[in-house]
Each structure stands twice: as structure tokens, then as C-alpha cells.
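Here is the structure we will look at.
These numbers come from a predicted model, not from an experiment. Hydrogens, waters and symmetry mates are skipped; everything else that's a heavy atom, side chains included, is used. Within every chain, numbering begins at 1; the chains are lettered A, B, ... in the order of the sequence lines, protein sequences first and strands thereafter.
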Protein chains: 2
Amino acid sequence: MNQDYIKPDNWSILEEGFDVDRVESSESLFSLGNGAMGQRANFEEQYSGSTFQGSYIAGVYYPDKTKVGWWKNGYPEYFAKVLNAPNWIGINVLINGEALDLYKCKEVRDFRRELNMKEGWYDRSFTAVMPNDLEVSVKVTRFLSIERNELGAINYDVQVLNADATVVFEPYIDSGITNEDANWEEKFWEVQEVKTDEHKAFITSKTLKTEFFATVFMQSQMFKDGKVEEIEPSEVIFDEKISFRYTTEAKKGETVSLQKFAGYVTDMNHNREDLIFAAKNVLDKAVAAGYETILQEQKAAWAGIWEMADISIQGDVKAQQGIRFNIFQLNQTYLGEDARLNIGPKGFTGEKYGGSTYWDTEAYCIPFYMATKDQHVARNLLTYRYNQLDKAIENAKKLGFTNGAALYPMVTMNGEESHNEWEITFEEIHRNGAMVVAIKRYVDYTGDFSYIPEKGLEVMIAIARFWHQRANYSNQKNKYVILGVTGPNEYENNVNNNWYTNYIAKWCIDYCLESIARVKEQYAIDHDRVMSATSLSSEEMAAWKEVADKMYFPYSEEYQVYLQQDNFLDKEIIPVSDLSKTQRPINQKWSWDRILRSCYIKQADVLQGFYFFEDDFSKEELEKHFDFYEPLTVHESSLSPCVHSIQAAALDRMDQAYQFYLRTSRLDLDDYNNEVKEGCHITSMAGTWMSIVEGFGGMRIKEGKLFFAPKIPNGWESFSFKVNFRNQILKVNVAPGKTSFALEGTDSLEIMVNGKPLKVEPNNLVSI
Amino acid sequence: MNQDYIKPDNWSILEEGFDVDRVESSESLFSLGNGAMGQRANFEEQYSGSTFQGSYIAGVYYPDKTKVGWWKNGYPEYFAKVLNAPNWIGINVLINGEALDLYKCKEVRDFRRELNMKEGWYDRSFTAVMPNDLEVSVKVTRFLSIERNELGAINYDVQVLNADATVVFEPYIDSGITNEDANWEEKFWEVQEVKTDEHKAFITSKTLKTEFFATVFMQSQMFKDGKVEEIEPSEVIFDEKISFRYTTEAKKGETVSLQKFAGYVTDMNHNREDLIFAAKNVLDKAVAAGYETILQEQKAAWAGIWEMADISIQGDVKAQQGIRFNIFQLNQTYLGEDARLNIGPKGFTGEKYGGSTYWDTEAYCIPFYMATKDQHVARNLLTYRYNQLDKAIENAKKLGFTNGAALYPMVTMNGEESHNEWEITFEEIHRNGAMVVAIKRYVDYTGDFSYIPEKGLEVMIAIARFWHQRANYSNQKNKYVILGVTGPNEYENNVNNNWYTNYIAKWCIDYCLESIARVKEQYAIDHDRVMSATSLSSEEMAAWKEVADKMYFPYSEEYQVYLQQDNFLDKEIIPVSDLSKTQRPINQKWSWDRILRSCYIKQADVLQGFYFFEDDFSKEELEKHFDFYEPLTVHESSLSPCVHSIQAAALDRMDQAYQFYLRTSRLDLDDYNNEVKEGCHITSMAGTWMSIVEGFGGMRIKEGKLFFAPKIPNGWESFSFKVNFRNQILKVNVAPGKTSFALEGTDSLEIMVNGKPLKVEPNNLVSI
């Protein structure tokens with residue numbers, strides 16, 4: 001943890017001072033993305049210190065051959081890796097023949113980074129004394145265009161402060177890159193074509209095995225004191241790299257600049273044979289528009305995003321900075337327009353974990369996208385899973401399931417399972433339930449039931465089949481049991497009757513049967529189509545219902561709580577508060593077996609069920625379960641604090657709710673787990689949004705209506721957020737003792753506030 | 001499975017006919033070893049077909065960097081690999097300039113292998129038509145000397161049948177070898193010195209990391225029609241290889257031969273600087289004695305081994321061949337004279353599994369060595385673990401245990417854990433119990449209690465400490481429980497209260513406390529030494545006793561059986577006989593999660609406890625448990641059939657006992673699991689011996705006396721075995737209705753036969 005590293009600011013992430021040990025962490029925090037591509041905040045110029053190079057193209061992956069110690073039947077043969085893509089940010093800077101390299105400078109002062117979240121750009125400046133004693137002042141601005149999502153731009157200013165000097169800029173593109181995370185240290189890219197054309201450079205590479213074709217391109221322009229320098233660069237062309245060399249004589253104090261446009265075009269969006277043509281087109285348009293115009297576009301685009309997505313907090317800068325960082329990163333990662341893409345756990349900030357899609361999307365991210373974007377964005381996310389249904393069926397088949405049962409993968413890029421720990425891959429099956437929860441949430445929130453007859457029902461049937469087959473009847477319990485699972489709490493493996501899993505299994509079946517009935521009534525054609533495509537009989541449905549009706553739920557009479565799993569109470573129950581700080585985090589301090597047999601919980605497990613199915617339980621029950629489980633929870637998953645924050649708020653424990661909020665919102669900024677250098681925790685950032693909107697705002701949907709129960713942490717003057725509810729934009733502002741609602745548009749909206757109905761008229765602020 | 005491949009024979013393993021697809025399997029079956037070194041039956045001459053090259057030196061290993069998919073805290077960083085050692089068997093044969101290579105010959109006929117177990121040699125002969133149309137007849141004999149355990153010998157005869165020809169023998173030694181099983185494809189050996197001296201060649205190499213130094217050496221001599229040919233070979237010296245080239249003109253039909261002496265000397269037995277000197281010494285003595293003399297020595301040495309170890313069976317050649325193969329391989333692997341060595345699971349027949357020591361040694365191998373060797377051999381095996389106690393304590397410490405608690409490793413070479421699957425490494429803790437069972441068996445069998453005060457007690461205390469710490473009190477059960485374990489049945493992982501584990505844990509504590517009391521009474525000085533060295537207090541012992549007295553044992557009232565683990569009865573219980581053959585072996589057909597939640601048992605688990613602690617249960621209880629568990633057992637571990645054979649015999653189910661006997665004794669010969677090419681299952685071979693002696697012979701030790709309850713499978717005329725019981729050699733011959741006992745030496749022996757006492761006088765056959 002490092003609470004003082006990032007300077008508090010309402011709209012920017014700020015770093016001041018140069019610390020070689022922080023470079024990799026800052027590379028994560030200052031990452032840029034525009035939904036289609038992204039990159040860590042690596043330096044443009046040469047840097048010989050420790051760095052973790054990362055440029056990524058959304059949807060482009062490599063199936064790396066699985067590496068395991070001990071092979072188990074059923075493991076996937078490949079792991080879909082997030083790919084480090086060709087580098088286009090590189091600009092070597094030579095002054096009087098010596099390369100600028102911050103690691104080698106005699107002195108670095110006034111080093112400052114700013115990630116301006118409001119306007120969507122990243123800026124770095126410093127003054128350095130080079131080994132040759134030249135003192136240079138540098139300022140670099142970079143952004144990835146939201147409007148032109150194949151384009152990025154860099155403006156690199158250099159002033160030599162203590163002499164006239166020869167300044168060389170050497171912008172380059174480089175496809176000779178490797179992955180940090182490669183099982184067998186193989187290269188993932190193969191260069192197809194290296195080409196220059198006037199001041200433009202292109203390298204077309206393809207990924208091995210998956211054969212994605214991507215052309216990385218660039219074009220640069222030199223300036224002196226803001227005026228174009230028409231210089232003919234010399235070209236240096238290697239097998240996998242092209243650099244252009246711009247040389248000029250700079251007077252002492254004179255600003256020489258390089259503007260570089262660059263980016264990728266891929267065969268996901270163009271014909272392979274047209275890639276270089278497409279790249280030229282991007283560059284020609286960029287050059288024609290000019291850097292300043294494109295930067296203005298960028299500011300406007302981000303203004304548009306913030307207009308809808310912003311949460312403002314008055315009276316707590318760190319809390320404000322945290323939530324905006326979370327919202328900013330979510331939007332950098334996924335903008336929702338491309339149904340082929342999803343929300344990778346590290347977004348464009350690192351490679352760790354691989355794959356682009358986890359149950360995080362359904363369990364944590366959908367509410368954010370549903371409320372801050374047009375509703376087709378959430379539908380795209382659902383459709384993504386619908387499109388991968390065949391693969392999920394194939395996945396279940398590999399594990400011995402039949403009859404079209406589906407098991408969605410733990411980690412995936414293209415629908416195939418990529419994970420290979422048996423206790424997760426094969427056993428953390430509750431993920432299947434989240435797919436259905438997401439469908440229900442979507443339908444409840446948007447009112448768009450049509451998704452179910454059109455697509456969702458097939459997914460739900462395949463999942464119900466899975467649960468039906470996965471449960472077995474215990475003669476001993478006279479109930480259906482689900483043996484050998486891992487719940488959301490990954491600190492227990494291969495347990496029996498994980499309550500959350502059993503509960504969601506039963507719920508999936510019930511909700512599927514309910515939906516089938518409604519579809520039959522209201523969408524007869526779809527009903528017939530789906531029944532016939534799935535060969536679903538009433539006998540089979542009756543068999544499902546038998547399992548759902550007779551599902552076993554472990555319960556403790558003594559504690560009056562549902563048990564996380566059958567044998568939970570055989571454990572020694574010692575609250576986390578009694579655990580020495582030297583023993584934590586237990587995932588770094590304890591051997592795995594010790595963690596497994598301890599009572600400590602990584603993230604909400606029973607409480608995750610209480611979060612999803614809140615309405616099935618009373619507040620007293622929630623309180624009992626929260627009081628039983630939270631004290632045993634170590635929150636060593638990024639997905640843990642947000643759920644607990646929401647529940648603490650529901651229980652009116654605002655201090656605790658606030659602490660959890662800070663932990664979720666500043667997890668990466670304050671580096672709680674000392675790992676931010678590997679990348680940011682993107683998916684849990686949507687949980688941060690929920691902890692304000694659902695936690696403090698108390699927003700719920702019931703029977704097609706918005707409910708609020710606003711609360712505000714101590715010390716906050718106010719906070720406000722906006723939601724898009726069925727195409728009506730409602731802005732909510734919460735201050736101590738006073739909540740105001742403002743509605744855009746023309747129609748009024750009836751909402752419920754603290755249990756009472758309230759009619760909000762358009763363009764007419766109401767406060768209570 | 002391949003029942004007809006190896007030809008039945010009482011004393012030899014025979015292969016007839018050349019099949020390229022069987023080469024690797026036969027390389028395993030025809031392996032040679034002399035306790036100090038061993039090798040797969042690779043061809044001496046070039047072979048370009050599929051082959052698995054393996055030469056091994058006992059005790060020489062390499063700590064290969066661990067490879068895992070997902071690192072878990074507590075995993076060992078290194079895995080001690082069995083090392084493929086420099087090759088000394090190589091003899092290239094060129095005829096008229098063309099290399100003899102069976103894979104390339106136009107025809108191979110009369111191909112025959114014989115492993116003569118009685119005399120300890122291996123012979124291969126064939127006639128082949130080479131691509132150059134020369135027809136050659138070859139006969140090669142090879143053995144590893146038991147008497148001179150650094151020496152091996154080869155006699156290679158060639159006749160060219162259809163022409164006069166130039167025959168070249170190119171004997172070589174080669175240190176440029178790799179392991180089949182290497183995590184990172186690294187080389188494990190580094191050559192130190194390559195040297196020739198007259199007709200001798202030496203290569204000294206060291207293993208990386210472990211720095212074992214080994215010199216591989218050779219010296220050859222050419223013969224023509226049995227007479228020495230004095231030829232000056234030409235030398236070819238490479239960086240890691242030396243070959244000598246002997247060229248001669250052979251007449252059509254004339255036999256030209258090469259005799260090669262070769263082997264290893266290592267710094268385990270010599271000073272590093274003396275290795276080449278020691279190797280010369282071995283060669284000089286061998287040359288002086290001559291091939292024939294050394295072969296005679298070999299025959300005499302094996303006669304000596306068989307004199308004590310043989311089990312003869314009349315009336316069932318396949319059964320006879322099976323048991324002799326098992327006894328032969330055990331003696332090839334470990335002769336018991338070197339306390340630094342142990343019994344690797346593949347012996348010298350392959351690399352798989354790595355490490356040299358598993359709980360197999362204590363649970364399966366010790367009875368065989370105890371009964372067929374001098375009793376110091378079993379003591380050496382116990383001492384091996386005593387010598388590794390510090391490492392076992394360190395291993396437990398890594399997992400969070402304190403106060404000198406010890407966890408013996410799952411797999412080891414030097415006492416350090418080498419295994420890295422959490423569900424085995426950290427959870428299969430029952431292995432600790434086998435260490436103590438072996439001590440008790442040793443004391444009971446030999447009457448040598450002194451091992452306990454001298455060494456065993458410290459081991460037992462450290463193990464009792466482990467069990468005491470590993471159990472925890474369950475408030476729910478008001479008993480001590482042991483959570484998160486894997487029992488002997490590795491088809492269940494991370495279960496709670498595995499009955500076998502809980503039982504052996506309690507037993508270890510009880511037996512330790514009992515032993516402490518006896519040591520206190522009879523060995524006061526040792527008692528004080530051990531108590532002071534271990535700082536063991538009476539309070540601590542009382543705490544142990546509390547755990548032992550209140551240990552929980554899952555039990556089913558309904559079935560009247562102890563349950564394999566807490567939730568066993570939640571599983572669907574379907575006997576193996578109802579499982580389709582297409583689903584078996586389940587470890588090849590089912591995904592791991594499916595295996596885990598099935599009721600199928602890999603090997604004796606509850607029944608393993610009934611085997612070790614037979615006297616604690618009635619025959620009716622054994623029958624109930626056998627009838628409950630055996631039908632659920634798939635016997636997919638080599639260690640399974642022998643225990644079931646013994647118990648079936650105890651229950652007078654001789655047909656079943658015989659089927660299990662065949663399965664254990666011919667597991668490799670008939671390749672039941674289609675995997676013999678990876679090597680033979682050495683440790684389970686001791687179980688085969690037990691299934692005759694303890695199963696059919698019904699031999700037990702109770703209160704210092706030998707008990708027998710002889711039975712004989714249908715169709716057998718008789719079987720006989722010998723045991724060394726407290727330095728008295730008793731020979732037992734069992735025929736239908738008649739058992740005879742013969743005693744060597746001068747003292748009489750009182751034994752119990754079918755519950756009745758019988759006095760056996762020396763040199764006086766008694767029958768009943």
C-alpha cells in the first residue's frame with residue numbers, strides 16, 4: 001500500500017518526482033485506452049531501467065500452449081493470452097549524439113505525470129541533466145482518440161536549456177516485441193510486410209495460430225517553436241522495425257517538437273489486403289485535420305462520456321479522484337459498441353490473467369454499462385455470451401455433460417475455456433449462474449424482455465441442463481446436493497454444497513422455467529423455435545423442477561445462518577481481527593493448504609448470494625449473515641470490498657461502508673495489494689460504481705421501478721450520479737438530509753425514495 | 001493390456017519377434033540393475049526408431065526448477081529428478097561402411113530377447129538383412145555385475161552370413177545426454193574431463209546444481225571366432241563423447257565379437273580427484289578376471305539372492321513368471337546395503353515420477369526386505385528417514401507448523417519435498433503415518449526394539465507433533481477433526497476426516513506415547529537424551545493424548561462401516577461393475593472433477609487401514625468394509641490389487657484373491673495400464689510378494705511369533721517361500737491340504753499354524 005504516492009486531484013491522476021522503483025506501477029496507473037486499443041504508460045524515448053512494455057489491441061489474442069505441473073483430464077490445451085502488440089509510441093531522442101534515457105541521466109527534476117481524465121490525455125514533463133551535461137526540458141502529451149479509434153497521437157517537446165545542440169528525433173514502429181507472460185517463451189507475432197511510403201511507415205504482422213492481421217503505422221512531423229520544420233527524414237528499415245530520423249540544430253532554449261500520429265488497423269475491421277490502404281487513410285485524415293483538432297475532438301468525446309457517466313463528490317478529493325479513475329478506466333477499456341469485445345480483468349493495463357472475459361462482466365460490470373450507456377451496450381454484452389453458447393456446450397461436453405448442457409468458461413477470449421486449475425476451471429461452476437443473473441438484471445432494468453425469447457432462453461436452458469446434471473440425489477440427505485465445487489470464495493476448494501452455488505443453481509432452474517412459461521404465452525413463435533432447437537420436453541423440465549425443489553441448503557440452527565458449505569462449522573472460527581497483521585495477506589503468508597482449511601474468506605460468498613438475491617431475505621437475515629461472514633473475510637480479491645460496501649450501507653453502517661468504498665475505489669491508486677505494476681483491476685471498478693449508486697444511493701429496480709434509499713458518508717458535502725433508466729436520464733444528488741432528482745427529456749418518471757413514491761417531472765429539480 | 005506378448009517361462013522373460021511399436025515397452029521390461037546403477041534395455045547399436053534412452057546411477061539426481069501452471073504458496077522450488085546418466089552401452093556396428101540399425105533393415109527375423117532372472121543377464125539375438133543386402137546374425141549379452149557394482153559387461157557377436165565383409169565396432173561412452181523429463185529442457189550434466197589412456201576411455205561429468213561427479217568409463221576387446229584380435233583402435237574424441245573404432249575383415253560366417261567393460265564411479269564412493277584412478281582400477285581388475293569369470297560371479301551372486309528370496313509356484317507358469325519378475329526387479333533396484341539409497345517408484349526402468357522415495361517404501365517394501373534380507377537392511381531403510389528428519393521438520397515449518405513437527409515429503413531424493421500438486425503435496429499427509437507403521441513393523445518382526453530409543457523415537461515425536469497441530473477441535477462435533485486432506489485414494493481431494501488419515505493420526509500418537517513410556521523404563525539414558533533434545537513436556541504429551549482420545553471417525557450406522565470421509569454418502573453409489581467398460585480407466589476417460597465427485601476409489605483407503613491395523617477389527621468388520629468398498633474400487637493404482645488380494649484371501653475368497661494376485665504380479669508383464677513403456681512399477685512389486693506371503697501364506701507376526709494360515713489358489717500344485725525371521729530361515733511349502741515347514745540352523749522355532757502352535761525343529765521337515 002502506498003497512500004501518498006498519487007497526488008489528490010478532482011480530475012487528474014498526478015505523479016510528482018521521478019522514482020525508478022515506481023516506474024512500472026505508474027506505467028499501469030497512467031495507461032491509456034480507447035476501447036479498441038490501449039497501452040501502458042511506457043516512455044516514448046529509450047529507458048534502460050525496469051519497465052513492463054505493453055500495447056494491446058482489443059480482441060487480438062494468442063492461444064498459448066498450456067503449461068501445467070501435472071496434467072488433469074479436461075484441462076484446455078491452450079490459454080488465450082492478451083497479446084503485447086507492436087509498439088507505435090517509440091521516439092528515440094538523441095541530443096548531440098547521446099540518447100536521452102532517464103535511467104542514465106545525472107539528474108531528473110520536476111518530473112511530473114498527469115493523466116487528465118476529464119479530457120482524456122496523458123502528459124509527462126521533466127528536466128534532466130544528461131551524461132553529456134546537456135540540460136533538457138521535455139514535455140510529452142499522448143492520447144488515443146476515442147473518435148478515431150485506430151489512431152493515437154503524441155506531441156514531444158524538447159528544449160535544450162544550456163547550449164545549442166543537435167537534436168534528433170527517431171520515431172519508430174516495432175513489431176519485434178514479446179509477451180511478459182508467455183508459457184514457452186515463444187514469439188506470438190510474425191511480420192508479413194515492412195513498408196514505407198513517403199513519410200509514412202507500415203508493418204503488417206500476423207499473430208501465430210490465431211492469424212489476426214494487424215498493421216501498425218506512423219507518420220511524424222517536426223516543429224521548431226511551434227512552426228513546421230520541413231525535414232526529409234532518413235529511413236532505417238529492419239526486419240521488424242522501421243524508424244525515421246529527423247535531425248535539426250536547436251538553439252539554446254528553443255523548443256523543438258515532434259508530432260507523431262500512429263496506431264493500428266486490423267483485419268477484424270478491414271480486409272486483409274486493404275490494411276495498408278486503410279492505415280494510409282487514417283494517417284491522411286489525421287494529418288489533414290491536424291493534432292490540435294484531433295485533441296479538441298478528444299476533449300469533446302470525453303466530455304460526452306462524462307456527461308452521462310460522471311459521479312461527482314463534494315468534500316472528499318480522494319474519494320472523488322478514486323471514483324473518476326474507476327469510471328475513466330472502465331470507459332477506456334470498453335465502450336460497448338462492439339459485441340465481439342468484452343471487459344478484460346486488466347483492460348489495457350497489463351497481461352496478467354489472460355483472456356478478456358470472466359464472470360466479472362456479468363456479476364459486476366453490466367449494471368455500470370446499463371446505467372451509463374444506451375441499453376444496447378448491455379445487450380451487446382449479453383449477446384457476447386449468446387454467441388459463445390456452442391462453445392460453452394462443447395466445454396461441458398468435455399467434462400462429461402450431455403444433452404446440450406452448457407458450462408461457460410472461467411476465462412475466455414473466444415468462448416473456449418482458457419483456465420487450467422482443476423479447482424477453478426472445473427469446479428468454480430457458479431459462474432454459470434451469473435450469466436442468468438445478468439439476463440434477469442438486464443430485463444428488469446431495461447424492461448426489454450424480448451432478449452429472452454430471441455436469445456437468452458437458449459442460454460438459460462443450456463445452463464438449467466447443466467445444473468440438473470451436476471446435482472445428484474443424496475440418499476443420506478434426501479435432497480439434491482452439488483458436490484465438489486469452488487464457490488466465489490476461492491479460499492475453499494472442492495467443497496460440497498456451497499450455499500451460493502446451490503442457491504444460484506436452483507434459482508437458474510426456477511427462473512428458466514418461469515421464462516419458458518412467459519415466452520410460451522407471449523412469444524409463441526420463439527417458443528416453438530427454441531423448444532424444437534433444444535428438444536426440450538416437459539418431462540425434462542419436470543426433472544429440473546424436482547432438482548430445484550429439493551435442493552439442499554446447509555444451514556446452522558445455532559448461528560441461524562446458511563453455511564458457506566457443508567463442513568464450514570468444523571473449522572476453527574477465529575475472526576480476522578484476531579489474526580496478527582504479520583500473517584496477512586494470507587495469500588502471501590500462508591501455504592495453500594492452511595488457507596483452505598482456515599475459516600478465512602477471500603471475497604463475498606454467501607454474501608454474494610445475499611447481494612444478488614437480496615429480495616429473498618429480510619434485513620435481519622442480511623444482518624445475521626453479514627455479522628457472521630464479514631468478520632471472517634480478508635477481502636483479498638478486488639471484487640470483495642464493493643459488495644460489502646453496498647451491504648454495510650444497506651445496514652446503515654456508513655463508516656464501514658465508507659472504508660470499503662475507499663478500498664474499492666483506490667485499490668490501484670493506493671496500491672493496496674502491492675501489485676499495481678502488473679496492471680489495474682478493471683472489472684472491480686464497476687463494483688466501485690455500484691458501491692456509490694447501489695450502496696450510498698440505495699438504487700434498486702423492483703417491478704420496473706427505480707427505488708432509492710440515499711445515504712451519505714460522514715464528511716461528504718454531497719455526491720451526484722446519473723442513470724439512464726429506460727432511455728430517461730435521471731440525475732441524483734445526495735446531500736446530508738437532502739436528495740434531489742432531476743430528469744432530462746419530456747416524460748415524467750415515478751420513482752420510490754425511502755419507500756415512498758415520488759414523481760419526477762422533466763427539467764424540474766425535486767428534493768426531499 | 002497385452003497378455004500374450006511376453007512368453008511364459010519359469011525363470012526368464014522372453015520376447016520373440018521384432019515389433020517397432022513394442023521397443024519402448026520392452027526397454028522397460030528388460031531393464032537391468034544392480035542396486036547401484038541400472039539401465040533400460042536400449043539397443044547397443046544405432047537405432048533410429050522410437051526409443052526411450054535411460055541409464056541411471058542410484059542416488060544421483062538433479063533439482064529441476066518447478067514447473068506449475070499456477071503457483072501456490074508452499075510449493076517446493078525444485079523437483080528432484082531421476083537423472084539420465086552418461087551412456088556406456090553404446091556400440092555402433094558398421095558393416096561394409098553401413099551402420100547396423102534395426103529400424104532401417106530390410107528384414108529382421110528370429111528376433112529374441114531373454115532376461116534371465118535366475119542368472120542375472122540379458123540377451124538379444126536376431127538375423128537382419130541390411131539395406132546393403134548383407135545378412136547379419138547378431139547376439140548380444142549384457143549384465144550389470146552385482147559383485148562389482150561399478151561394472152557392466154557386454155558381449156556383442158556379429159556374423160555376416162552371406163559375404164565376406166569389413167566389420168567395424170565402435171564402442172563409445174557419451175555424456176551428451178538429456179532427460180526425457182526435464183521441465184525447462186535444460187541439460188543436467190556438464191562435462192569436466194574427457195580422457196583416453198591406452199584402450200581405456202573416461203569422461204568425468206558433474207551434475208549441475210547438485211554437483212555429483214561421475215566418471216563413465218570403458219575398455220573393449222575384439223575377438224574373432226572366440227580368439228582375441230589384437231587391434232589398435234582409432235580414437236575419436238568429441239567434447240562429450242569418446243568412441244574407439246575397431247575394424248576387421250570378417251569371412252562369411254565367421255563370428256567377430258566385441259567385449260566391452262564399462263560403468264561408473266562417482267564421488268559418492270570415491271574422492272573426486274581419484275575418480276579416473278578408481279575407474280582404471282575397476283577396468284584393470286575386470287580385464288584381469290575376464291568376461292567369463294565375471295559372468296560366473298554374476299550367476300553365483302543371483303543364485304545367492306534367489307536362495308533366500310525366491311518364491312516358487314508349481315502348476316501355474318504365468319503366476320511363477322510374475323512373482324519372479326517382481327522379486328528380480330526389487331533386487332535389481334535396491335539391495336539394501338547403502339543407507340543413502342531407497343526404492344524409486346520406477347527403479348532403473350524409467351524417469352517418471354522423479355524422486356527415489358515415496359511412502360511406498362514404508363507401506364509396501366519394508367516387509368519384503370525384512371523377510372528376504374538380513375534385518376540390517378530394513379533398519380537401513382528406517383535410518384534413511386531418520387537421517388532426513390531435519391528436512392521433514394523444515395518441510396512442516398514451510399507449511400506453518402511449529403515446535404519441531406515433521407511432515408515427511410511425498411516425493412524426495414534428499415529429504416526435501418519435490419512434489420507440487422497442492423492436493424497431494426500439502427494434503428496427502430497420511431504418508432507421515434506410514435513412517436511410524438514401518439517402525440512398528442520392524443520392531444515387531446525383528447524384535448529389535450533398540451531402534452526406537454536410538455532413532456525412531458525422535459521421528460515418532462516429530463510426527464505426533466504434526467498430528468497434534470494438524471487436527472483442530474470442531475465445536476460442532478465435539479471431537480478433533482482433520483480437515484482438508486487427501487487419503488490414499490487420490491481420487492478424492494481436500495476432503496474432511498478421511499477415516500484412514502484420522503485413524504493413523506490417532507494411532508501414531510498412541511504408539512508414540514506407548515513407546516515413550518517403554519523407553520523411559522528400559523532405556524533411561526536415551527529417554528533423557530531424546531526428551532531434552534525435543535523439549536517434550538508432559539503437558540504437551542497430555543495435549544496429544546487429548547487429540548488422540550477425542551479423534552473423530554466418520555461412521556455410517558446404516559451400512560455399519562467407517563466412511564472414507566465425512567461426505568462420502570452424499571455421493572451417488574454405483575458399483576464399478578455397473579460402469580461401462582468404455583468409461584474405464586476413469587483416469588483416462590473422465591475429467592478430474594468428475595472423478596473427484598464420483599464414488600470410485602483408486603486404491604485401498606479405508607481398507608488400507610484395515611490392512612495396517614487388522615488386529616483392531618473383527619473378521620466380520622473386515623468383511624463388511626471389504627464388501628462396501630471393494631466394489632467401488634477401480635484399482636487404478638499399482639498399489640491397489642495386492643492389499644485387496646491379501647484381504648480377499650483372509651476372507652477365504654480365493655478366486656478373487658487369485659485375480660488380484662495376477663493383476664499385481666503381471667501388471668507390467670501384461671501391461672494392464674498400457675504404460676509400461678514409461679517404466680515398471682517397482683514398489684508395488686513388494687506388494688506382490690506380500691500377496692503371496694501374507695495373503696496365501698497368511699503370515700502374520702503377533703507377540704513376537706510367526707503365524708500362518710495357508711491357502712492355495714485353485715489349480716496350483718504348490719507354492720513355497722522363505723522368510724528370515726530373527727535370523728532363523730524358515731521355508732514354507734504350501735500344497736492343497738498340506739503345508740510343510742523346514743527350518744535352517746540349529747535352534748527350533750515355535751510358530752502358529754491356523755491358530756495352533758507348531759514347533760519346527762531345524763533341518764526336519766514338518767507337515768500339517
Side-chain angles (χ1 to χ4, degrees), chain A residues 66-75 79 183 398-401 419-427 429 470 472-477 479 481-485 492-497 552 556 558 566-573 583 586-598, chain B residues 66-75 79 183 398-401 419-427 429 470 472-477 479 481-485 492-497 552 556 558 566-573 583 586-598:
Chain A
T66 299
K67 184 180 72 174
V68 295
W70 302 88
W71 187 265
K72 311 273 195 200
N73 276 344
Y75 278 165
F79 188 102
N183 285 343
K398 282 182 194 156
L399 304 186
F401 295 87
H419 196 281
N420 59 337
E421 268 179 309
W422 65 265
E423 60 274 24
I424 308 286
T425 315
F426 305 149
E427 293 205 337
I429 53 177
R470 187 59 168 75
N472 70 275
Y473 193 73
S474 163
N475 284 317
Q476 171 172 262
K477 296 197 160 80
K479 290 275 186 182
V481 293
I482 301 184
L483 304 181
V485 306
E492 287 192 323
N493 291 160
N494 198 39
V495 297
N496 295 331
N497 295 308
Y552 172 74
S556 162
E558 183 185 351
D566 266 357
N567 299 113
F568 191 77
L569 286 184
D570 280 334
K571 295 183 166 196
E572 266 182 308
I573 307 286
Q583 305 291 300
I586 61 172
N587 69 15
Q588 287 170 27
K589 301 297 174 70
W590 284 7
S591 69
W592 188 243
D593 63 311
R594 191 172 178 190
I595 290 173
L596 289 180
R597 61 179 188 275
S598 81
Chain B
T66 299
K67 184 181 73 175
V68 295
W70 302 88
W71 187 264
K72 311 274 194 200
N73 276 344
Y75 277 166
F79 187 102
N183 285 342
K398 282 182 193 155
L399 304 185
F401 295 86
H419 196 282
N420 59 336
E421 270 179 307
W422 65 264
E423 61 275 22
I424 308 284
T425 315
F426 305 150
E427 292 204 338
I429 53 176
R470 187 59 170 73
N472 70 274
Y473 194 73
S474 162
N475 285 316
Q476 172 171 261
K477 295 198 162 79
K479 290 275 185 182
V481 293
I482 301 184
L483 305 180
V485 305
E492 287 192 321
N493 292 158
N494 199 38
V495 297
N496 296 331
N497 296 309
Y552 172 74
S556 161
E558 184 185 351
D566 266 358
N567 299 114
F568 190 77
L569 286 184
D570 281 334
K571 295 184 166 196
E572 266 182 308
I573 308 286
Q583 306 290 299
I586 60 172
N587 70 15
Q588 287 170 27
K589 301 297 175 70
W590 284 8
S591 69
W592 188 243
D593 62 312
R594 191 171 177 192
I595 291 174
L596 289 181
R597 62 180 188 275
S598 81

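Heavy atoms of B/Glu427 lying under 4.5 Å from chain A belong exclusively to its side chain. For B/Tyr75, no part sits under 4.5 Å from any heavy atom of chain A, backbone or side chain. Using a 4.5 Å cut-off between heavy atoms, A/Phe79 contacts chain B through its side chain alone, with no backbone atom that close. Contact annotation for B/Glu423: only side-chain heavy atoms (C-beta onward) come within less than 4.5 Å of a heavy atom of chain A. Heavy atoms of A/Ile482 lying under 4.5 Å from chain B are absent altogether. Residue contact with chain A, scored on non-hydrogen atoms closer than 4.5 Å, involves the side chain of B/Trp422 exclusively. With a threshold of 4.5 angstrom between heavy atoms, A/Asn420 approaches chain B through its backbone and through its side chain. With a 4.5 angstrom heavy-atom cutoff, B/Ile429 does not touch chain A via any of its atoms. Of the atoms belonging to B/Phe568, not a single heavy atom falls under 4.5 Å from chain A. Interface remark: B/Lys479 contributes no atoms to any contact with chain A (heavy atom separation under 4.5 Å).
Judged purely by atom type and a 3.5 angstrom limit, A/Asn494 uses its side chain to pair as donor or acceptor with the backbone of B/Asn493. Using a distance-only test at 3.5 Å, with no hydrogens or angles considered, no donor-acceptor pair links the side chain of A/Asn73 to the main chain of B/Trp592.
Scanning for salt bridge (Lys or Arg N to Asp or Glu O under 4.0 Å) contacts around B/Arg470 gives an empty result, with sequence neighbours left out. Considering only residues two or more places apart in sequence or on other chains, B/Ser474 meets the side-chain contact (heavy atoms from CB on, under 4.5 Å) condition with A/Asp570, B/Gln476, B/Lys477, B/Val481.
Ring geometry for A/His419 versus B/Trp70: interplanar angle under 30°, hence parallel rather than tilted (30 to 60°).
Ranked by heavy-atom pairs shorter than 4.5 Å toward chain A, the options B/Glu572, B/Arg597, B/Glu558, B/Arg594 are led by B/Arg597. The most heavy-atom pairs under 4.5 Å with chain A, out of B/Lys589, B/Glu492, B/Gln588, come from B/Gln588. Interface summary for chain A: among B/Leu596, B/Asn567, B/Asn587, the most heavy-atom pairs under 4.5 angstrom belong to B/Asn567.
The shortest heavy-atom contact between B/Gly74 and A/Ser591 is CA-CB, 4.3 Å. Residues A/Ile586 and A/Ile595 share a closest heavy-atom pair of O-CD1, 3.4 Å. Contact record, B/Trp590 with B/Ser598: CZ3-CB, 3.8 Å, taken as the closest heavy-atom pair.
Under 3.5 Å, the side chains of A/Asn497 and A/Asp566 contain a donor-acceptor pair of N or O atoms.
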